[in-house]
Amino acid sequence: MTAQLHYGKPAKIFHWLIVGLLAVQYPIGWLMPDIHRGMSPGAAMTFHISIGIAILALTALRFLWRLTHPVAPESSLPVWQRLSSEAVHWLLYVLVLATTISGWLFASYRGWSVSFFYLVPLPMLASDNAAAGRAIDGLHQATEWALLIIIGIHIAAALAHIFIYRDRVMQRMLPG
Ligand code: HEM
Ligand code: HEM
């Protein structure tokens with residue numbers, strides 16, 4: 001399949017929609033009430049889980065779109081920047097996947113029943129298992145922080161292209 005030179009509208013919409021959802025998801029995660037034994041998920045947790053599942057679904061769709069609509073790296077970039085940006089983009093996909101699946105497993109091991117935005121029941125990945133729940137809780141926190149660090153590096157690179165290299169890399173992901 002021949003790679004296009006520019007990101008199309010769907011790739012840009014997926015990108016910025018997921019950025020917007022992640023910007024809401026982290027504050028909800030940090031501000032929602034702490035979990036304690038025997039609790040059932042309240043509104044904040046239901047929204048956290050629903051937004052997380054939406055991020056997972058959009059990321060999967062976006063990845064399929066990327067596979068079927070490949071985009072060539074900016075031709076003016078030196079090899080080290082092409083390779084490092086490719087590695088960071090792959091890591092972003094892997095860490096979004098790891099964060100959402102670990103959160104989903106955590107909720108499943110708690111034995112919760114949760115609905116997707118109070119609309120339809122959400123299928124759970126496993127049944128009630130307290131020990132597995134404790135193990136996966138640490139994993140969700142580790143992946144959520146690793147994802148935040150890689151997002152920080154990705155944003156720093158975008159800023160470097162705007163203010164230091166002054167090239168057109170940022171324009172590639174902007175509307176138009
Ligand atoms: C990329 C998407 C996600 C991000 C960025 C994220 C982020 C977070 C954050 C920041 C916390 C607070 C934990 C802390 O105090 O450090 C949290 C907790 C939690 N999240 Fe997520 N989350 C995501 C997806 C999900 C999904 C899809 C589910 C379930 C289906 C989920 C279930 C939970 C649960 C049950 C907790 C409370 C347990 C805990 O503190 O680890 N999360 N999440
Ligand atoms: C303010 C925040 C952000 C800015 C300014 C930004 C900027 C950009 C730019 C300019 C590109 C194109 C790079 C190139 O062509 O080489 C890009 C691609 C990409 N960005 Fe971001 N980004 C941001 C946040 C995020 C977040 C939070 C994620 C995490 C999921 C993400 C995931 C990706 C991925 C995976 C690509 C590769 C293209 C693709 O596969 O669709 N970005 N971003």
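Remember, it's 1-based here, ligands and their atoms both numbered in the order they're listed. All values below were derived from every heavy atom in this structure, side-chain atoms included, with hydrogens, water molecules and symmetry-related copies excluded.
Across Tyr109 and Ile136, no two heavy atoms sit closer than the pair CD1-CG2, 4.0 Å. Residues Leu5 and Arg172 come closest through the heavy atom pair O-NH1, 3.4 Å.
When heavy-atom distances to ligand 1 are checked against a 4.0 Å cut-off, Phe116 has no atom that comes that close, whether in backbone or side chain. At a 4.0 Å heavy-atom cut-off, ligand 2 does not touch His161 at all. Contact annotation: for Tyr7 versus ligand 2, heavy atoms closer than 4.0 Å belong to the side chain alone. If you look at Leu122 next to ligand 1, there are no close heavy atoms at all, none under 4.0 Å. With a 4.0 Å heavy-atom cut-off, ligand 2 is reached by no atom of Trp65. The residue Val114 has no part lying near ligand 1, judged by heavy-atom distances below 4.0 Å.
Atoms of ligand 1 lying under 4.0 Å from at least one heavy atom of Tyr26, given by number and element, are 5 (C), 10 (C). If you number the atoms of ligand 2 from 1 as listed, the ones under 4.0 Å from a heavy atom of Leu92 come out as 29 (C), 31 (C), 32 (C), 33 (C). Which parts of ligand 2 touch Arg172 is read off a 4.0 Å heavy-atom cut-off, strictly below it: atoms 14 (C), 15 (O). Atoms of ligand 2 lying under 4.0 Å from at least one heavy atom of Val169, given by number and element, are 10 (C). Heavy-atom proximity to Ile151, at under 4.0 Å, picks out these atoms of ligand 2: 27 (C). Near Trp112, the atoms of ligand 1 lying under 4.0 angstrom from a non-hydrogen atom of the residue are 35 (C). Close approach of ligand 1 to Met45 is summarised as follows: ligand atoms under 4.0 Å from at least one heavy atom of the residue are 34 (C), 35 (C), 36 (C), 37 (C). Against a heavy-atom cut-off of under 4.0 Å, Leu22 is close to the following atoms of ligand 1: 1 (C). Of all atoms in ligand 1, numbered sequentially from 1 with element shown, those under 4.0 Å from a heavy atom of Trp30 are 10 (C), 16 (O).
Protein heavy atom nearest atom 26 (C) of ligand 2, with residue, atom name and distance: Val19 CG2, 3.8 Å. For atom 40 (O) of ligand 1, the closest heavy atom belonging to the protein is Gln141 NE2, 3.3 Å. When hydrogens are left out, the protein atom nearest atom 37 (C) of ligand 1 is Ile35 CD1, 3.4 Å; that is the closest non-hydrogen contact. The protein non-hydrogen atom at the shortest distance from atom 41 (O) of ligand 1 is Asp137 OD1, 2.5 Å. The nearest heavy-atom contact from the protein to atom 4 (C) of ligand 2 is Trp16 CH2, 3.6 Å. The protein non-hydrogen atom at the shortest distance from atom 36 (C) of ligand 1 is Met32 CE, 3.6 Å.
Evaluated by nearest non-hydrogen atom to atom 18 (C) of ligand 2, the leading choice among Gln171, Lys12, His89, Met170 is His89.
Ring to ring, Phe63 and Trp90 are close: their centroids are under 6.0 angstrom apart.
The number of heavy atoms from other shown groups lying within 6.0 Å of NE2 (His6) does not exceed 12. By the neighbour-count criterion of 12 heavy atoms within 6.0 Å, atom CH2 of Trp30 is densely surrounded, having more than that number from other residues, nucleotides or ligands. Counting heavy atoms of neighbouring residues, nucleotides and ligands inside a 6.0 Å radius, atom CZ of Arg82 exceeds 12 of them.
For ligand 2, the polar-atom distance check finds an N/O of His15 within less than 3.5 Å of one of the ligand's N/O atoms. In terms of N/O distances under 3.5 Å, ligand 2 is approached by Tyr93.
You'll find the side chain of Ile151 stays beyond 4.5 Å of the side chain of Val19, heavy atoms only.
Within the structure, ligand 2 lacks Glu74 among the residues with a heavy atom less than 4.0 angstrom away. At a 4.0 Å cut-off, not a single heavy atom of Arg110 sits close enough to ligand 1 to count as contact.
Of the residues listed (Lys12, Arg66, His69), the one engaging Tyr7 in a side chain to side chain contact (heavy atoms under 4.5 Å, CB included) is Lys12, and it is the only one.
For the residue pair Tyr26 and Glu144, no side-chain donor N or O sits within less than 3.5 Å of a side-chain acceptor on the partner.
Under the 30°/60° scheme for interplanar angles, the aromatic rings of Phe106 and Trp112 are found to stand perpendicular.
Looking at His140, its side chain does come within 3.5 Å of a backbone N or O of Thr99 through a donor-acceptor pair. The backbone N or O of Ile150 lies less than 3.5 Å from no partner atom in the side chain of His154, so there is not a single donor-acceptor pair.
Note on atom 21 (Fe) of ligand 1: protein N/O/S atoms under 2.8 Å are His48 NE2, His140 NE2.
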